[in-house]
Amino acid sequence: AAKGAWCPACGVAALAPGSQRDALLALAKQSILAKLRLPARPSVPHPPSRGALLTALRRMRAQRSDTAAATPGMLRDPAQPGMGLQQYEILSFAESGSSASHRVHLHFRFSQEVAGSTEILQATLYLFWAAPGPGAQPVTVRLLQPDPAGANMTVASETRLEVQRSGWTTLDVGAAVRSLFGQETLRLTVELEVPEDWGSPLPTDHSDSHWPFVVVQAQARTPHRVHRR
Amino acid sequence: GVDCSADSRMCCRQEFFVDFKEIGWEDWIIQPEGYHMNYCAGLCPLHMAGVPGLAASFHTAVLNRIKAASAAAAVDSCCVPTQRRPLSLLYYDRDSNIVKTDIPDMIVDSCGCT
C-alpha cells in the first residue's frame, strides 16, 4: 500500500519501512523452510572435510555425466528446472561404527523430512580402495538391516568384489535405501570385510578425501490427486 | 514486466534480497548467499488489465481504451507474477548430509496485471 494508506485487499495499514522489512524477512524464512519441509532451521552442522566434500562432488558430477552419456534421456537430470516435481540430491558421508581388524561397519543417516515426502530415483555407495597389493583381492560388502525380532542386524544383501588396483568403486544401494525410507530408523548400515593383511578398510583420518559416502537422488512424491466426477 | 522505481505507482516488480548472513542462515545454507524474494506491487486499473508490462501493440491500445471507457462499471485487476524461476539450494540437513534441491517458482522475474 502507498505510504499512509490502507491495503485495499487486506485492510491492514501500511507498515513502517523497518517493520515491513522484518515482515518480509520472516516471510522468506517461513517460505524456504516450508518448501524444504523443515519445521525449523537445522542445528549447526558438522561439515565434512573440504577435501572429502570436493572429491564427492567431483565423483557425483562424473557419475552423472557417465550416466547421461550411457542412457541419454533415461535418467532425469535433477538439475533440469521445469520438471515440475521438486528433486533432491543427498550426499551422506559415512559414520564409522563397530570394527574389527579387517572388518568395519559404516552408518549413513537420512533425515525424515526428505525420506517422508520423496521417492528414491537412485542411490549409489562410493568406496575407495588404497593400494590393495598384487593380484585381485577379495572384498565383501554387506548391507545390513535391523532384525525385527531382536537387537541384532541381518544381512539384506551381500556383494563380493575383486579389487585389483587402487581407486573408487560404486555399488547400487537403491533397493536398500528405498526399503529404509519406509522405516522408523533412517540409517543404512554397510559392513566391509577385506583381507586380513590389509588392515582397516577405512582411511585412518576422518578428513581424508577418500572417505566413503552415499549419493541419493530423490523426487518429491506426486501429490495425491482428487478427481472430481 | 516493469521494475519498480522510487515513484512508480503502477504494477511492477519490487526487488527484495534476503542475505542469509543477515538472518544467521549462512552456516547451514552453503549456496547461494541469499534469496531474491522479489514481489509484485502497484495498481492495476481496468485499462491495465491483462497487461504484463507496457502495452506493445495497437490492438492492446484499443482494448485499453474500451476498458477505460467502461471503468465505472468494473473493478481493478491484480498485480501478480507473470514469470518465476526455481531457487537452487545446497544446504546441510540436521544429519549434516549435504542436500541439493531446486525449489520451483520461488523467484519472481516479472509482474503484470491479471
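Below, read A as the first sequence line, B as the second, and so on, with proteins coming before strands; counting in each chain starts at 1. Model, not experiment: these values are computed from the prediction.
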Tell me, side chain or backbone of [X] under 4.5 Å from chain B's heavy atoms, or both, or neither?
{"X": "A:Leu57", "answer": "neither"}
{"X": "A:Phe110", "answer": "both"}
{"X": "A:Leu27", "answer": "both"}

Exercise. Where along residues 22-30 of chain B does a heavy atom come under 4.5 Å of chain A, listed by residue number?
Worked result: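 Result: B:Glu22, B:Ile23, B:Gly24, B:Trp25, B:Asp27, B:Trp28.
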(request) Among B:Ile103, B:Leu87, B:Asp105, find the residue that satisfies the side chain to side chain contact (heavy atoms under 4.5 Å, CB included) test when tested with A:Lys35. (result)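 Passing option: B:Ile103.
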Item to complete: List in chain and number order the residues that pass ring pair (Phe, Tyr, Trp, His ring centres under 6.0 Å) with B:Tyr39, two or more places apart in sequence or in another chain; answer none if no residue qualifies.
Response: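 Partners of B:Tyr39 by the ring pair (Phe, Tyr, Trp, His ring centres under 6.0 Å) criterion come out as none, since no residue qualifies.
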Residue from A:Pro42, A:Ser111, A:Ala28 scoring the most non-hydrogen pairs under 4.5 Å with chain B is A:Pro42
Hey, which of B:Leu90, B:Ile98, B:Leu89 has the most heavy atom pairs under 4.5 Å with chain A?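 Highest number of pairs under 4.5 Å: B:Ile98.
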Looking at [atom1] of [X] and [atom2] of [Y], how far apart are the two atoms once the value is rounded to the nearest 0.5 Å?
{"X": "B:Asp102", "Y": "A:Glu89", "atom1": "CG", "atom2": "CD", "answer": "9.0 Å"}
{"X": "A:Gln20", "Y": "B:Phe16", "atom1": "CD", "atom2": "CZ", "answer": "8.0 Å"}
{"X": "B:Lys100", "Y": "A:Leu91", "atom1": "NZ", "atom2": "CG", "answer": "12.5 Å"}

So the salt bridge (charged side-chain N to carboxylate O under 4.0 Å, His left out) pairs with at least one residue in residues 86-96 of chain B (sequence neighbours excluded) are A:Glu113-B:Arg94
The interface call for B:Tyr92 against chain A, heavy-atom contacts under 4.5 Å, is both
Legend entry - Listed partners of B:Asp19 passing salt bridge (charged side-chain N to carboxylate O under 4.0 Å, His left out), at least two apart: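 B:Asp19 satisfies salt bridge (charged side-chain N to carboxylate O under 4.0 Å, His left out) with no residue once adjacent residues are dropped.
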**OP:** Under the side chain to side chain contact (heavy atoms under 4.5 Å, CB included) rule, what do A:Ile32 and B:Met106 come out as? Steps first, then yes or no, please.
**Re:** CA-CA 9 Å; A:Ile32 290 175; B:Met106 281 289 271; 4.0 Å; yes
Of all heavy-atom pairs linking B:Thr101 and A:Gln87, the shortest is OG1-O, 2.5 Å
